[in-house]
Amino acid sequence: MHAETDARLSRHARAWILVLALVLLGGGATAYTLRAASGRQAGAIVTPVAGFTLDGSRPGALHFRDTATGRVARLDPSASGGRVAGGPACDRFHAAGPTALCLVRRPGVPARSYALVLDDRLRETRRIALPGIPSRARVSASGRMLSWTMFATGDSYARSSFSTRTSILDLRTGYLVKNIEQIPLTLDGRRYHAPDVNYWGVSFAADDNRFYATVSTDGRTHLVEGDMANWSARTLRENVECPSLSPDGTRLAFKKRVSEGPREPWRLYVYDLRSGREHPVAERRGIDDQALWTDPETLAYGYGGAVWSVPADGTGAPRQLARGASSPALPR
């Protein structure tokens, strides 16, 4: 009797195990399908509308990210509202020459993103999956060299606990440096190694070899000059963030920390590479952006949900260029 009962219980147990296994398998398949669908959705990039291209815009037209739509837009006096927003959707954007760079954050945890390389018709030519949150994007004047900075941890340069990952892509060779932290660094004339080294805010010279960037270590920020061919970098001075090289290669616009407080800790300055002198511009608000030279004497930057301009020589006053805008770029 006991043997028959045990046999029936064993059969029932096996049946329940089979049912449970089917449920788990079904749930796993459903979860996989949902993840796959989510991945497809995350990989679906919003493409530009027909006719919105870099080569089709008037020379000198300012491009930027339209915050209402997330799309790249451009100033166009002939359009309604003086602007056209028909480009791809980007979280950070920059363009120069025949090339554009679009950084797109993907949904989900942990934070992930894409770097999209676009041609002058804003068609995708390369896509690179990245960890982290988009922070800075830059294209060299020729359109050959691209760089981007991602927040690996944290989401603000004003915080003490953040980590960045900065990459450089050479479109001519196709070579990608995933993280420039391994570049041999000379600090104050000596070879320097430290686990807390962070780079961000690359700006390329006209030769597509030399570049400027910020390096942070031991609680201090430094301006560095890098050499791609020799794969080396050296510090030039302290307290320089997000440098932007002028079209003539003689000056750098940059963020200078003027306060240790969390509210507006930076001012926008210009540094003369030849004389070593610096001066603040007429913008007195705290600018957390990598400024853009729209011409040899004028800077553009994002602040307070708008794009502004100011003379680079310290005279004049800030002027609003576009409301609901960020990531200014001037394709040439």
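Numbers here are sequence positions counted from 1.
No side-chain heavy atom of Phe204 sits less than 4.5 Å from a side-chain heavy atom of Val139. Looking at heavy atoms from C-beta onward, Leu321 lies in side-chain contact with Leu62 at the 4.5 angstrom threshold. Within the 4.5 Å cutoff, side-chain heavy atoms of Asp91 are placed close to those of Arg65. In this structure, the side chains of Val240 and His222 stay at 4.5 Å or more apart for every pair of heavy atoms. Proximity of Leu252 to Tyr212: side-chain heavy atoms (C-beta onward) are separated by under 4.5 Å at one or more points. No side-chain heavy atom of Leu187 sits less than 4.5 Å from a side-chain heavy atom of Val215. Phe211 has its side chain within reach of Ile168: a pair of non-hydrogen atoms, C-beta onward, lies under 4.5 Å apart. Looking only at side-chain heavy atoms (C-beta outward), Thr250 and Leu273 stay at 4.5 Å or farther from each other.
Here the straight-line distance linking atom OG of Ser113 with atom CD1 of Ile128 works out to 12.5 Å at 0.5 Å rounding. Taking OH of Tyr199 as the reference point, atom CD1 of Ile183 lies at 6.0 Å (rounded to 0.5 Å). Arg267 CZ to Tyr269 OH: the interatomic distance, rounded to the nearest 0.5 Å, is 6.0 Å. With rounding to the nearest 0.5 Å, the separation of CG in Leu118 from CG in Leu54 is 8.0 Å. Here Glu241 contributes atom CD and Thr221 contributes atom OG1; the two are 4.5 Å apart, rounded to the nearest 0.5 Å. Atom OG in Ser135 sits 4.0 Å away from atom CZ in Phe151 (nearest 0.5 Å).
Residues Gly143 and Thr99 come closest through the heavy atom pair O-OG1, 2.8 Å. Closest approach of Tyr303 to Trp308, counting heavy atoms only: O-NE1, 3.2 Å. Nearest approach of Pro328 to His94, heavy atoms of both residues: O-CD2, 4.0 Å. Annotation for Gly316 and Pro311: closest pair CA-CG, 4.2 Å, computed over non-hydrogen atoms. Pairing each heavy atom of Leu122 with each of Ala100, the nearest pair is CD2-CB, 3.9 Å. Of all non-hydrogen atoms in Pro107 and Arg112, the two that sit nearest each other are O-NH2, 3.7 Å.
Formation of a donor-acceptor pair under 3.5 Å by the Arg106 side chain with backbone atoms of Leu130 is not found in this model. Remark: the backbone N or O of Gly324 is paired with a side-chain donor or acceptor of Thr67 at under 3.5 angstrom. At least one donor-acceptor pair under 3.5 Å links the side chain of Asn239 to the backbone N or O of Arg257. Of the possible donor and acceptor atoms, one in the side chain of Asp207 sits under 3.5 Å from a partner among the backbone N and O of Arg210. Side-chain atoms of Arg126 come within 3.5 Å of backbone N or O of Gly174 as a donor-acceptor pair. In this structure a side-chain-to-backbone donor-acceptor pair under 3.5 Å is missing from Asp289 to Ala291. The closest donor-acceptor contact from the side chain of Asn209 to the backbone of Ala229 lies under 3.5 Å. No donor-acceptor pair under 3.5 Å is formed between the side chain of Ser244 and the backbone N or O of Ala253.
Cluster membership for Met150 and Leu116, using ILVMFWY side-chain heavy atoms within less than 4.5 angstrom, is not shared. In this structure, Tyr175 is not a member of the same hydrophobic cluster as Leu146, with clusters built from ILVMFWY side-chain heavy atoms closer than 4.5 Å. Taken together through direct or relayed side-chain contacts under 4.5 Å among Ile, Leu, Val, Met, Phe, Trp and Tyr, Ile133 and Leu103 form parts of separate hydrophobic clusters. Both Leu75 and Leu292 belong to a common hydrophobic cluster when Ile, Leu, Val, Met, Phe, Trp and Tyr are linked at side-chain heavy-atom distances under 4.5 angstrom. Following chains of ILVMFWY side-chain contacts shorter than 4.5 Å, one cannot reach Ile180 starting from Leu101, and the two form parts of different hydrophobic clusters.
For residues 292-321, every residue pair satisfying the salt bridge (charged side-chain N to carboxylate O under 4.0 Å, His left out) rule, not counting sequence neighbours, is listed here: Arg251-Glu297. Among residue pairs with one or both ends in residues 68-97, those qualifying as disulfide bond (SG atoms under 2.5 Å apart) are Cys90-Cys102; sequence neighbours excluded. The list of salt bridge (charged side-chain N to carboxylate O under 4.0 Å, His left out) pairs with a residue in residues 191-205, not counting sequence neighbours, is empty.
The only option from Thr166, Thr164, Thr214, Asn198 that meets the side-chain hydrogen bond (donor to acceptor under 3.5 Å, both in side chains) definition with Thr149 turns out to be Thr166.
Under 4.0 Å is where a charged nitrogen must lie from a carboxylate oxygen, and between Arg136 and Asp288 at least one such pair does. A salt bridge links Asp55 with Arg121: the distance from a Lys NZ or Arg NE/NH1/NH2 to an Asp or Glu carboxylate oxygen falls below 4.0 Å.
For the side-chain contact (heavy atoms from CB on, under 4.5 Å) test, residues two or more places apart in sequence or in another chain that qualify with Ala312 are Val270, Trp293, Leu299. Residues forming a side-chain contact (heavy atoms from CB on, under 4.5 Å) with Asp208 (at least two apart in sequence, or on another chain): Ser140, Ser142, Arg144, Met145.
Taking the centre and axis of the six-membered ring of Trp148, the NZ or CZ atom of Arg165 falls outside the cone set by 45° and 6.0 Å. Both the sub-6.0 Å distance and the 45° axial angle are satisfied by Arg127 relative to the ring of Tyr114.
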Val177 and Ser167: CA distance, side-chain angles, deciding distance, side chain to side chain contact (heavy atoms under 4.5 Å, CB included) verdict: CA-CA 5 Å; Val177 180; Ser167 306; 5.9 Å; no

Worked verdict on Ser203 versus Gln290 for side chain to side chain contact (heavy atoms under 4.5 Å, CB included): CA-CA 9 Å; Ser203 182; Gln290 187 170 13; 4.2 Å; yes

Residues Thr53, Asp120; criterion side chain to side chain contact (heavy atoms under 4.5 Å, CB included); working and verdict: CA-CA 6 Å; Thr53 63; Asp120 59 358; over 6 Å; no

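Ring pair Phe254/Tyr271 is perpendicular by interplanar angle, where above 60° counts as perpendicular and below 30° as parallel.
More than 12 non-hydrogen atoms from other residues, nucleotides or ligands lie less than 6.0 angstrom from CZ of Arg58.
In this structure, a donor-acceptor pair under 3.5 Å is present between the side chains of Glu283 and Tyr301. Side-chain contact, Tyr192 with Thr186: no donor N or O sits under 3.5 Å from an acceptor N or O.
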Counting only pairs under 3.5 Å, give me each side-chain donor-acceptor contact of residues 231-238, with atom names and distances, residues two or more places apart or in other chains.
{"from": "Arg234", "atom 1": "NE", "to": "Glu225", "atom 2": "OE1", "distance (Å)": "3.2"}
{"from": "Arg234", "atom 1": "NH2", "to": "Glu225", "atom 2": "OE1", "distance (Å)": "2.8"}
{"from": "Thr235", "atom 1": "OG1", "to": "Asp188", "atom 2": "N", "distance (Å)": "3.2"}
{"from": "Arg237", "atom 1": "NH1", "to": "Glu278", "atom 2": "OE1", "distance (Å)": "3.3"}
{"from": "Arg237", "atom 1": "NH2", "to": "Glu278", "atom 2": "OE1", "distance (Å)": "2.4"}
{"from": "Glu238", "atom 1": "OE2", "to": "Arg220", "atom 2": "NH1", "distance (Å)": "2.9"}

